[in-house]
Structure formats: structure tokens, C-alpha cells
Amino acid sequence: MKNRFSVNLKRIIAVDSASFAYAEVPLDRNLVLLAKGNWGKTSIVNAVRFCLLPELNLNDCDKKFAFKTPEKTTDKEYYTKDQVKNYYFQSVHSKLILEVEHKLIGGGVRRHCQIISAGNNYKLNRFFIASPFEDIAHLFWDKSKGTSGGRPDSPPGENLLSALKEINKNTTLIRNQ
């Protein structure tokens, strides 16, 4: 079955999101997330869910995303849109990035990235660029800064679309259904 099209999730990246300055988690092999409580395991799983669900806003996020609150004492079982926005998209630099690999019929491999950021009025901006993460990583994190890296000197912030289009002119922003 060599002539079969397949899609593989390669990695999820959280930048200034979910209490991570920068986290890169491989998804293309077996993965076990082990840590104490409240260290980001569920946040990484939820970041993948953000990318896989087609939602374009955070309205009714209790029904759409169903991110559960850990506290048993609250009247609300699920996080509100304000809680989700403030946790995953706390700043203009907050991004969730999913890299995907396509194995094409007849051979060949291509990668693309989906980048999610917050828009106005609880909207989500979804950028799609037909480039591997290595081509765009410098926009989000400078691995040459210190032991664990740091934010680039000129992060794109709200100018992400133009920065991505400089890398690949076919980059698309989806804000409407």
C-alpha cells in the first residue's frame, strides 16, 4: 500500500501560552506525559484539541472545548471563555502551533503548520503555512539565547500574517467560517 495518502501530527508548540514560555512536544511517536499536578500535561493535550477542532471563537467554549476545571467546589464544571483566553492567549505573543506531515499518494512528503492566536472579541485566528516548523521557528523562539532560549528580539506579535507571507506567500488566515 505505498500509494496511500496519510496525515501525521508531528509536534505541538506552545509559545507564551498555558503557563509555558516555550514548549515543544513531539506527537509522531509514543509519548508519556509525567509530572506533578498542575504542571501542564492537560494543557498540552488541550492545545492539540484546539488545533483539531474547527472552532473560530471562544464563545460557548464550555460546550465546544469542555476544558474541565480542576476544582470540585465551583458551580461551573468547565472553564469560561475568559479563563480559556487568559490562560492560552494571555498576550499578543501567545501562539499554539501544530506541525503536520502529509505523505502523498505516489510518494513525497510535505509539512504544514497551523498557528492559532487570539483575535478580537474572543475570535481565534488560524494561520496555515505550507512550510515545516523549522522554517518559521525563528519567529516565535530564539534557541540561541541562553540555555533554554528566549523570545526573539522582534517577535511578529499582531503582524504574524505578513511575517509568515515573507516565508511563504501562500500563507492563509482563516477568521470566518
Side-chain angles (χ1 to χ4, degrees), residues 7-102 111-129 132-133 136-137 139-141 148-151 155-158 160-161 164 171-177:
V7 176
N8 300 313
L9 304 180
K10 296 300 286 180
R11 58 184 142 181
I12 186 80
I13 300 99
V15 179
D16 197 23
S17 177
S19 299
F20 296 110
Y22 180 88
E24 189 174 322
V25 179
L27 301 173
D28 58 346
R29 52 190 177 266
N30 293 336
L31 174 68
V32 176
L33 298 173
L34 299 172
K36 293 180 181 180
N38 215 22
W39 277 56
K41 300 175 301 293
T42 302
S43 298
I44 291 296
V45 172
N46 287 342
V48 174
R49 289 175 59 203
F50 256 119
C51 295
L52 297 179
L53 295 172
E55 304 304 329
L56 295 173
N57 63 60
L58 295 174
N59 297 322
D60 300 317
C61 71
D62 57 332
K63 295 174 187 74
K64 292 190 235 183
F65 300 113
F67 296 157
K68 285 194 169 203
T69 62
E71 299 169 19
K72 308 280 188 237
T73 59
T74 66
D75 292 340
K76 297 267 188 183
E77 183 178 4
Y78 302 104
Y79 285 112
T80 66
K81 65 183 180 182
D82 285 315
Q83 290 170 312
V84 171
K85 182 180 184 306
N86 293 334
Y87 187 66
Y88 286 97
F89 305 106
Q90 55 206 326
S91 80
V92 68
H93 305 294
S94 299
K95 309 287 187 269
L96 296 174
I97 306 161
L98 179 69
E99 183 182 38
V100 177
E101 181 179 81
H102 306 273
R111 288 191 184 182
H112 84 269
C113 292
Q114 175 187 170
I115 303 142
I116 301 177
S117 68
N120 296 327
N121 299 321
Y122 299 100
K123 289 185 179 176
L124 296 173
N125 297 323
R126 290 182 183 267
F127 302 88
F128 292 88
I129 182 168
F133 181 67
I136 63 171
L139 297 174
F140 308 104
W141 200 250
S148 58
R151 185 175 285 156
E158 293 178 348
L160 182 58
L161 182 59
L164 292 171
T171 299
T172 304
L173 167 60
I174 297 177
R175 284 192 274 210
N176 299 316
Q177 290 183 331

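Model, not experiment: these values are computed from the prediction. Residue numbers start at 1 and run along the sequence shown.
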Can you check whether L124 reaches F89 side chain to side chain, under 4.5 Å on heavy atoms?
yes

Any side-chain heavy-atom pair from D62 and T80 closer than 4.5 angstrom?
no

Please name the pair of heavy atoms, one in N125 and one in G119, separated by the smallest distance, quoted to 0.1 Å.
ND2-CA, 3.6 Å

Rounded to the nearest 0.5 Å, what separates atom NZ in K123 from atom CG in N57?
8.0 Å

With heavy-atom distances below 4.5 Å as the criterion, would you say the side chains of I13 and L96 are in contact?
no

Between V15 and F20, is a side-chain contact (heavy atoms from CB on, under 4.5 Å) present by the stated rule, with each step listed?
CA-CA 7 Å; V15 179; F20 296 110; over 6 Å; no

Test of understanding: with side chain to side chain donor-acceptor pair (under 3.5 Å), list the residues that count as partners of T172, not counting sequence neighbours.
none

Distance (rounded to the nearest 0.5 Å) between C61 SG and F67 CZ:
7.5 Å

Restricting to side chain to side chain donor-acceptor pair (under 3.5 Å), what partner residues turn up for K10, sequence neighbours left out?
D28

Determine yes or no for a side-chain-to-main-chain donor-acceptor pair under 3.5 angstrom, with W141 supplying the side chain and S148 the backbone.
yes

What heavy-atom pair brings L53 and R126 nearest, and what distance separates the two atoms?
O-NH2, 2.8 Å

In Å and rounded to the nearest 0.5 Å, what is the CD to NZ distance from Q90 to K85?
10.0 Å

Which pair of non-hydrogen atoms, one from P156 and one from L139, has the smallest distance, and what is that distance?
CD-O, 3.0 Å

Do the rings of Y88 and F50 sit parallel, tilted or perpendicular, given the 30° and 60° boundaries?
perpendicular

Any side-chain donor near an acceptor of the partner, S43 and Y87, under 3.5 Å
yes

For residues E24 and F133, determine if any side-chain heavy atom of one lies less than 4.5 Å from a side-chain heavy atom of the other.
yes

Quick one: pull up SG in C51 and CD1 in I12 and give me the separation to the nearest 0.5 Å.
4.0 Å

Between L58 and F65, is any pair of side-chain heavy atoms under 4.5 Å apart?
yes

Side-chain touch N46/R49, heavy atoms, less than 4.5 angstrom:
yes

Minimum-distance pair of heavy atoms, taken over all atoms of H93 and P155
CE1-CG, 3.4 Å

Would you check, one step at a time, whether the test side-chain contact (heavy atoms from CB on, under 4.5 Å) holds for V100 with N8?
CA-CA 6 Å; V100 177; N8 300 313; over 6 Å; no

Verify, without hydrogens or angle tests, whether S94 (side chain) and S91 (backbone) share a donor-acceptor contact under 3.5 angstrom.
yes

N59: what forms a side chain to side chain donor-acceptor pair (under 3.5 Å) with it, not counting sequence neighbours?
K81

Is the shortest heavy-atom distance from the side chain of D16 to the side chain of R151 under 4.5 Å?
yes

Is there a donor-acceptor pair under 3.5 Å between the side chain of E99 and the backbone N or O of R111?
no

Side-chain H-bond candidate by donor/acceptor type, D82 with Y122, under 3.5 Å
yes

Any side-chain heavy-atom pair of L161 and F127 under 4.5 Å:
yes

Tightest non-hydrogen contact, residues L164 and I129, listed as O-CD1, 3.7 Å

